[in-house]
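Each chain gets a letter, A, B and so on, in the order its sequence line appears, and its residues count up from 1. Keep in mind that the numbers below use all heavy atoms, side chains included, and drop hydrogens, waters and symmetry copies.
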Amino acid sequence: MLDLKFVRKNPALVKADLIKRGDLTKVKWVDDLLEYDKNWRKLTLETNKLREMRNKITAEIARLKKENKDVTEKTKEAKEIPLKIKRLEQKVQDYRKTINHILLNLPNLMHESVPVGKDENDNVEIRRWGEIPKFDFKPKDHIDLALNLDLVDLERAARVAGARFYYLKGELVQLNYAIIKFALDFITRKEFALFQPPYMLKRKPLEGAVALSDFEDTIYKIEGEDLYMLATSEHALLALHMDETLDGKNLPLRYSGVSPCFRKEAGTHGRDTKGIFRVHQFEKVEQFVFCKPEDSWKGHEELITNAEEISQKLGLPYRIVNVCSGDLGTVAAKKYDLETWLPGQGKYREAASCSNCTSYQAIRSNIRYRDKSGEPSKFVHTINSTLVATERVLISVLENYQQRDGSILVPPVLVPYTGVEKIGQK
RNA sequence: GCCGGGGUAGCCAAGCCAGGUAAGGCGCCGGAUUUGAGAUCCGGUGGCCCUUUGGGCCUCAAGGGUUCGAAUCCCUUCCCCGGCGCCA
């Protein structure tokens with residue numbers, strides 16, 4: 001979320017950003033926020049004055065008792081204060097809750113390079129890599145390819161778990177783990193520290209990472225417990241340093257998480273319903289960086305470069321788009337999507353996503369750093385990016401490496417991991 | 001899941017039984033001293049608010065209660081350690 005002190009000083013800036021996002025209803029919230037903040041500060045001061053008075057009388061009583069003097073008079077005087085404090089405190093808390101609620105629902109400030117636009121159609125392509133493969137036959141989509149080779153079972157998955165679930169089978173399971181291991185080796189060489197995080201998180205750490213609407217739209221809740229299924233290891237890696245003040249000389253902290261990801265995919269009915277493109281669970285290797293504010297934009301470029309390098313090594317053509325203001329999401333200040341070419345669909349589709357969240361997650365999660373002892377702490381910046389989301393990569397490999405006979409060549413860099421050069425050879 | 005012991009500042013800890021200004025040590029930062037380093041000495045070392053060379057409030061795992069006053073007493077929850085149980 002935004003820093004209250006920042007909004008206090010720069011309300012016009014915050015409003016202008018909301019207009020750029022096309023989020024006009026929230027513009028008025030900024031004025032409301034300032035009003036609540038004013039009242040909150042006024043009552044906080046009053047409460048503190050009362051506390052001061054109480055503390056003084058209390059100390060007086062302690063002193064008199066030590067001298068064995070009568071305290072009934074003072075005690076009577078003191079008895080009246082706590083009730084007043086309690087009443088005021090309640091109001092202070094109410095204001096604070098309202099303020100926090102507004103802050104939690106205001107989106108991040110965007111970087112100036114974010115294109116203004118309404119939806120994904122306004123995203124701006126900034127570069128392409130790779131030759132779009134030419135086939136001397138009509139390329140199949142990943143569903144036909146996988147079903148023909150008996151590499152997935154979607155019907156039985158639907159019967160036992162529902163739509164958007166799948167059984168991966170045989171060599172596709174091997175390929176899946178080959179990609180994960182390949183990615184882990186890659187990111188280890190880049191000196192990222194590996195983490196396999198908890199696959200469930202409590203509400204509080206999650207609130208530090210995501211927009212509140214995500215709790216309804218994307219995140220699965222465990223019934224009867226304060227636990228939520230992990231939607232991405234990004235959330236668990238952020239939570240790792242919740243409420244901590246990091247030592248500035250250890251920054252940046254470069255982490256990589258590997259985990260399954262569980263998502264409700266609410267509101268996507270009718271889109272990408274077939275196959276394993278949009279599913280309720282998948283595996284992902286993630287990059288996550290805690291850094292100083294002045295380093296986050298450079299870091300953002302580094303993470304997308306890493307994701308691109310993986311696609312290049314796998315030989316998968318892709319393009320990078322700069323996601324526009326209307327499609328950006330609440331927490332990111334800027335986001336690149338990496339879209340790989342899918343011959344079966346004849347278009348580029350999202351395979352990875354790289355966001356600079358600036359201080360937005362750090363403030364929500366209360367993660368600071370300090371350069372020198374005695375200096376005031378500052379909020380860190382956080383950056384996250386997919387390295388590989390395995391199911392999306394599986395689709396891309398299947399479609400780009402398909403052969404006329406329906407078999408699939410294994411990308412050369414994966415052969416050491418799969419032990420075979422071709423999938424589905426009779 | 002049951003029984004027992006715990007959670008105090010960046011870290012280690014005293015205080016809790018018996019309510020009355022959060023000891024002490026380490027680390028770190030700054031200063032003094034020194035040719036330099038070390039040793040020594042002095043000061044600092046979380047968050048918030050205000051009329052900001054200053055002042056005040058909050059902070060002893062979290063939340064509530066009792067009290068003029070709670071780290072200390074009572075209740076609830078979370079987490080850690082040990083033992084038992086269960087277990088891939």
Using a 3.5 Å limit for the pairing distances, which stems of at least 3 consecutive Watson-Crick or G-U wobble pairs does RNA chain B take part in? B:1-7 with B:78-84, B:10-12 with B:24-26, B:27-32 with B:40-45, B:46-50 with B:54-58, B:61-65 with B:73-77
Nearest-nucleotide 5' precedence on RNA chain B, A:R41 against A:S377: A:S377
Roughly how many Å is it from CG in A:L43 to P in B:rC50, rounded to a whole number? 12 Å
Lys/Arg-Asp/Glu bridge criterion (N-O < 4.0 Å) met for A:R156, A:D153: yes
Quickly work out the A:R370 CZ to B:rG44 C1' distance and round it to whole Å. 12 Å
Atom-pair distance (CZ on A:R368; P on B:rG10), nearest Å: 12 Å
Sugar-phosphate, base or nothing in reach of A:R203, heavy atoms under 4.0 Å: nothing
Take the protein atom OH of A:Y36 and the nucleotide atom C1' of B:rC49, then report the distance between them rounded to whole Å. 21 Å
Whole-Å C1' distance, B:rG24 and B:rG83: 34 Å
May I ask you to verify if any side-chain N or O of A:N55 is less than 4.0 angstrom from the OP1 or OP2 atom of B:rC58? yes
Euclidean distance for P, B:rU66 against B:rC84 (whole angstrom): 42 Å
Tell me, please, whether A:Y417 has A:K181 positioned over its six-membered ring: NZ or CZ under 6.0 Å from the ring centre and within 45 degrees of its axis? no
Take the protein atom NZ of A:K378 and the nucleotide atom C1' of B:rG46, then report the distance between them rounded to whole Å. 17 Å
So, A:D141 and A:K274, do they make that salt bridge, N to O below 4.0 Å? no
If you find the nucleotide of RNA chain B closest to A:T44 and the one closest to A:T47, which residue's nucleotide is nearer the 5' end? A:T44
So what does A:K42 hit on the nucleic acid, given a heavy-atom distance under 4.0 Å: a base, only sugar-phosphate, or nothing? nothing
Starting at atom CD of A:E52, determine the distance to atom C1' of B:rC58, rounded to an integer number of angstrom. 13 Å
On a whole-Å scale, what distance lies between the P atoms belonging to B:rC42 and B:rU52? 34 Å
Can you name the nearest heavy-atom pair linking A:V285 to A:S256, along with the distance? CG1-OG, 3.6 Å
Distance-only donor-acceptor pairs under 3.5 Å for side chains of residues 74-89 of chain A, two or more places apart:
unit_1 : atom_1 : unit_2 : atom_2 : d
A:T75  : OG1    : A:V71  : O      : 2.7
A:E89  : OE2    : A:R51  : NH2    : 2.4

Length of the CG-P vector between A:L45 and B:rU52, whole Å: 13 Å
Counting neighbours of CD on A:E67 that are heavy atoms of other residues, nucleotides or ligands and sit closer than 6.0 Å, is the number greater than 12? yes
B:rU45 versus B:rG56 - spacing of their P atoms, nearest Å: 15 Å
Sorted by number, the residues of residues 239-251 of chain A with heavy-atom contact under 4.0 Å to RNA chain B: none
Quote, to the nearest angstrom, the C1' distance that separates B:rC28 from B:rG46. 15 Å
Nucleotide by nucleotide, 5' to 3', does protein get under 4.0 Å of the base (B), only the sugar-phosphate (S), or neither (-) in nucleotides 61-78 of chain B, counting heavy atoms? ----S--BS--------S
Between B:rU59 and B:rG5, how many Å separate the two C1' atoms, rounded to a whole number? 26 Å
Applied to residues 382-402 of chain A, the salt bridge (charged side-chain N to carboxylate O under 4.0 Å, His left out) test, sequence neighbours excluded, yields none
Test side-chain hydrogen bond (donor to acceptor under 3.5 Å, both in side chains) applied to A:T358 and A:N108, step by step: CA-CA 8 Å; A:T358 58; A:N108 200 356; 2.9 Å; yes
Whole-Å distance between B:rC57 C1' and A:K49 NZ? 10 Å
Do A:K284 and A:E286 meet the salt-bridge criterion of a basic N to acidic O distance under 4.0 Å? yes
Residues which pass side chain to side chain contact (heavy atoms under 4.5 Å, CB included) with A:T58, listed by chain and number, not counting sequence neighbours: A:R54
Any salt bridge linking A:K190 with A:E309? Criterion: basic side-chain nitrogen under 4.0 Å from a carboxylate oxygen. yes
Determine the interatomic distance between P on B:rA23 and the same-named atom on B:rA71; round to the nearest Å. 13 Å
Integer angstrom distance from the C1' of B:rC2 to that of B:rG85: 8 Å
Would you say the ring centroid of A:F195 lies under 6.0 angstrom from that of A:Y255? yes
SB check A:E339 A:R349 (cutoff 4.0 Å): no
